[in-house]
Amino acid sequence: MSNTIEKDEVKNSLNFLEQIIEDDIKSGKISKHIQTRFPPEPNGYLHIGHAKSICLNFGLAKKYNGKCNLRFDDTNPVTEDVEYVDSIKEDVRWLGFDWGNNEFYASDYFDKIYEFAVKLIKDGKAYVCDMTAEEVSNTRGTPTIPGQFSPFRNRTIDENLNLFERMKNGEFPDGAKTLRAKVDMASPNMQLRDPVMYRIKHAHHHKTGNKWCIYPMYDFAHGQSDSIEGITHSICTLEFEVHRPLYDWYIKQLDIFPSHQYEFARLNMTYTVMSKRKLLELVKGNHVNGWDDPRMPTISGMRRRGYTAEAIRNFADRIGIAKRENVIDIALLEFFVREHLNKITPRMMTVINPVKVVITNYPENQTEYLDGKNNPDDESMGTRKVPFSRELYIEADDFMEIPEKKFFRLAPGNEVRLRYAYFIKCNEIVKDENGTIKEIRCTYDPESKGGKSPDGRKVQGTLHWVSAPHAITAEARLYDRLFMSENPEDAEEGKSFVDNMNPNSLEIRNCYVEPELANLKVGEKVQFERVGYFNVDKDSTDKTLVFNRTVTLKDNWAKISGKK
RNA sequence: UGUCCGAUGGUGUAAUCGGCAACACAGCAGAUUUUGAUUCUGUCGUUCCAGGUUCGAGUCCUGGUCGGACAACCA
C-alpha cells in the first residue's frame with residue numbers, strides 16, 4: 001500500500017507531452033476527452049521503435065481518460081499490403097493495447113480528402129501541374145535559393161477542376177500530372193514550396209481496390225485524417241517537425257477541426273538498425289529468416305525470441321519521451337527482459353555443451369528421483385522430480401583439468417555440488433587419442449543427498465546436470481546481437497550496415513534437457529539454470545523441441561575469466 | 001549567408017516553471033546465496049562555452065559552439 005504512494009510520488013514528473021496535455025485540459029482547450037492515434041503505414045512489420053510510440057499514444061489516452069485510434073496510413077498502394085496490416089494488429093494487441101472499434105484507414109477518407117482537394121482548387125489554393133518529377137525537383141530551389149513557379153501555376157480554376165477530375169477518371173498515365181498546393185515557392189521551409197497533394201498511381205489498393213488511380217500524399221492525408229477523427233494531440237517523430245507549418249496550413253485553408261501535431265525523438269538502440277528500409281533489406285536479402293527472426297528488433301521477432309510485452313512496456317516507460325536525439329543501450333532492454341523473466345519462469349536443468357560424468361561409486365542401473373524447486377524464490381511454483389543416475393552430462397565449461405585462479409567448479413581433486421543431488425569429487429579423466437576429454441570419472445558422497453553434507457563442509461560450486469539415460473535431446477538456438485558494431489550504420493567507405501552483421505548471431509546446438517521439459521508448449525518460457533532464459537520456438541515438432549535463447553543470465557564469471 | 005529543433009554523469013530521463021542536481025541502466029566494491037543468477041548494501045561520476053539579470057541560474061536574457069531534421073509524385 002505504501003508502494004502505490006511511492007509510485008505516485010515518483011511519477012509526478014511529467015514528460016513534455018503530458019505537460020502540454022495537462023495545460024490543454026486546464027485551459028479548457030480540450031472540450032471532451034483527449035484523442036490520440038497510432039498511425040502505422042502497412043508497409044513493414046512493427047519494431048521496438050513503434051512500440052515506444054504505441055505505448056506513448058495508448059498510454060497517454062489511458063492516463064487522461066481519452067481514446068487512441070489505430071489508423072493505417074495507407075496512401076501508397078505500391079508499397080503496402082494486407083500482410084502488414086494483419087501483423088500490425090497482432091503486434092499492437094500482443095503489446096497489451098486495445099483500440100476497440102476505432103480501427104481506421106486513411107483510405108476510409110479518400111472521398112472526403114478528394115472533396116478537400118476540390119475545395120482548395122475552387123479557392124485558388126491548388127493547381128494541376130504537368131511537370132515531371134525531375135522538373136519539379138529542378139525548380140524547387142535549395143534552402144537558400146527560392147524555387148521557381150511552375151508554368152502551370154496560373155491555370156484557371158475551371159481548368160484545374162476539369163484536369164483534376166480527369167486525373168481521377170484515369171485519363172492520364174502515372175506521373176503525367178500532380179495536384180499541387182499553391183503556397184510559397186520562396187519559403188525557407190522547403191515543405192511549403194508548392195508541395196504535391198495528389199499523384200497518379202494506377203495501382204490496386206488493399207482496401208479500395210481499383211476505385212482510385214490518384215492517391216493523396218502523406219501531407220494531404222495525415223492531418224486531414226487527424227482532423228476527421230478529432231485527434232487532439234497528433235504525436236509523431238522529429239523528422240516531421242518541418243512539416244508542421246504545412247500541416248497547419250492545410251487545416252487552416254480547409255477550415256476543419258484543428259488537430260495539433262507534436263514531435264518527439266524516435267528510439268535508437270545500440271547494435272540495432274531501426275529503419276524499415278534496412279529491416280526490409282535484411283529480410284529480402286535473406287540475411288535473417290523473415291520479419292519475425294528472433295534476432296530482428298521487430299515486435300514479432302522479439303516475441304518469438306521470448307521477450308514479454310510487459311518487459312517491453314516497462315522499457316518504454318523507463319526510456320521516457322523527449323525531443324533530443326538518443327541512443328539507448330540495448331543492455332537496458334535486456335535488463336527489463338531479465339527482470340520480468342526472473343519473476344515468471346520456472347528453473348530447469350539443461351546441458352548445452354555436454355561432457356560426460358561417470359559416478360564410479362554409484363550403483364549401475366539405479367535411478368533416483370530427486371526434488372528440484374521450480375523457482376527457489378517463489379515456493380508457489382512448486383517442485384518436480386529430477387532423475388539421477390550413474391552417468392550424467394555436465395557443461396564442458398564447468399570443468400577444467402588445470403583450474404585457473406578463482407575457478408571453483410569441477411577440477412581434479414575438487415569437490416562440487418550437483419544441484420539438488422550430491423557432492424561429487426573428480427578422480428580421473430579419460431581422454432581419447434586426440435587428447436580431448438571423453439569422460440570425467442567422479443565419486444559421490446551418499447551422505448550429501450539433496451546437496452547438503454551432514455558434516456557441514458562447504459563446496460564453492462554448484463553445477464547443473466542432466467542424467468544421461470533420461471536426457472531428452474533438443475535443439476537450442478543461441479542468439480546473439482545481430483550486429484557487431486554499436487552503430488551498424490557507421491560502415492566503412494563502400495560498405496553498408498550489412499557488412500557489420502555478426503556472423504555468430506545464431507549458433508545452433510543440440511542439447512540435453514531434463515524430462516520435465518518435454519511438456520512445454522510453443523511460446524512457453526523457462527530459465528535453464530546458470531545458462532539463460534529460453535522459450536519454445538514454433539519450429540518445434542512432436543519429435544524435437546526447439547528452444548530460442550531469449551537472453552543469457554548475467555555472467556560474472558565470464559567477466560572475471562575474460563579479463564585475463 | 002536558409003528554416004526549424006536540440007544540448008544535464010558512460011547511456012537515458014527527471015528536477016513540481018528561479019531555491020541543496022535526482023532516478024534507472026551500465027561500471028566498481030562488498031554482503032547473502034544449493035544458479036558466479038536473483039536479492040541487499042556501498043561507491044564512482046553530470047548542467048556545451050562566454051557574458052548578463054538575480055541574494056540565488058540546469059532553468060531567464062544576449063552572443064557563440066556543437067549536433068540533428070528538411071530540397072520523393074515515400075511516410
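Naming convention: chains lettered A, B, ... in sequence-line order (proteins, then strands); numbering from 1 in each chain.
- A distance-only check finds no donor-acceptor pair linking the side chain of Arg199(A) to the backbone of Gly175(A) [under 3.5 Å].
- The neighbour count for Arg266(A) CZ, taken as heavy atoms of other residues, nucleotides or ligands under 6.0 Å away, does not exceed 12.
- Residues of residues 233-242 of chain A having a heavy atom closer than 4.0 Å to RNA chain B, listed by number: Glu239(A), Phe240(A), Glu241(A), Val242(A).
- A37(B) atom P lies 12 Å from atom CG of Asn342(A), rounded to whole Å.
- Applying the 6.0 Å contact sphere to NZ of Lys201(A) captures more than 12 heavy atoms from other residues, nucleotides or ligands.
- Taking atom P on both nucleotides, C17(B) is separated from U54(B) by 23 Å, rounded to a whole Å.
- Comparing A26(B) with G58(B), their P atoms are spaced 30 Å from each other, to the whole Å.
- Not one N or O on the side chain of Arg244(A) forms a donor-acceptor pair closer than 3.5 Å with the backbone of His260(A).
- In this structure, A29(B) forms a base pair with U41(B), meeting either the Watson-Crick or the G-U wobble geometry with both donor-acceptor distances under 3.5 Å.
- Stacking here means ring centres nearer than 5.5 Å and ring planes tilted less than 30 degrees, and by that measure Tyr218(A) does not stack onto A75(B).
- The side-chain hydrogen bond (donor to acceptor under 3.5 Å, both in side chains) check on Tyr215(A) picks up nothing, with sequence neighbours excluded.
- Look at the C1' atom in both A57(B) and C48(B): the space between them is 16 Å, to the nearest Å.
- Listed for the Arg193(A) side chain is a donor-acceptor partner under 3.5 Å among the backbone atoms of Arg140(A).
- Distance from the side chain of Ser137(A) is smallest for A72(B) among the nucleotides A72(B), C17(B), G6(B).
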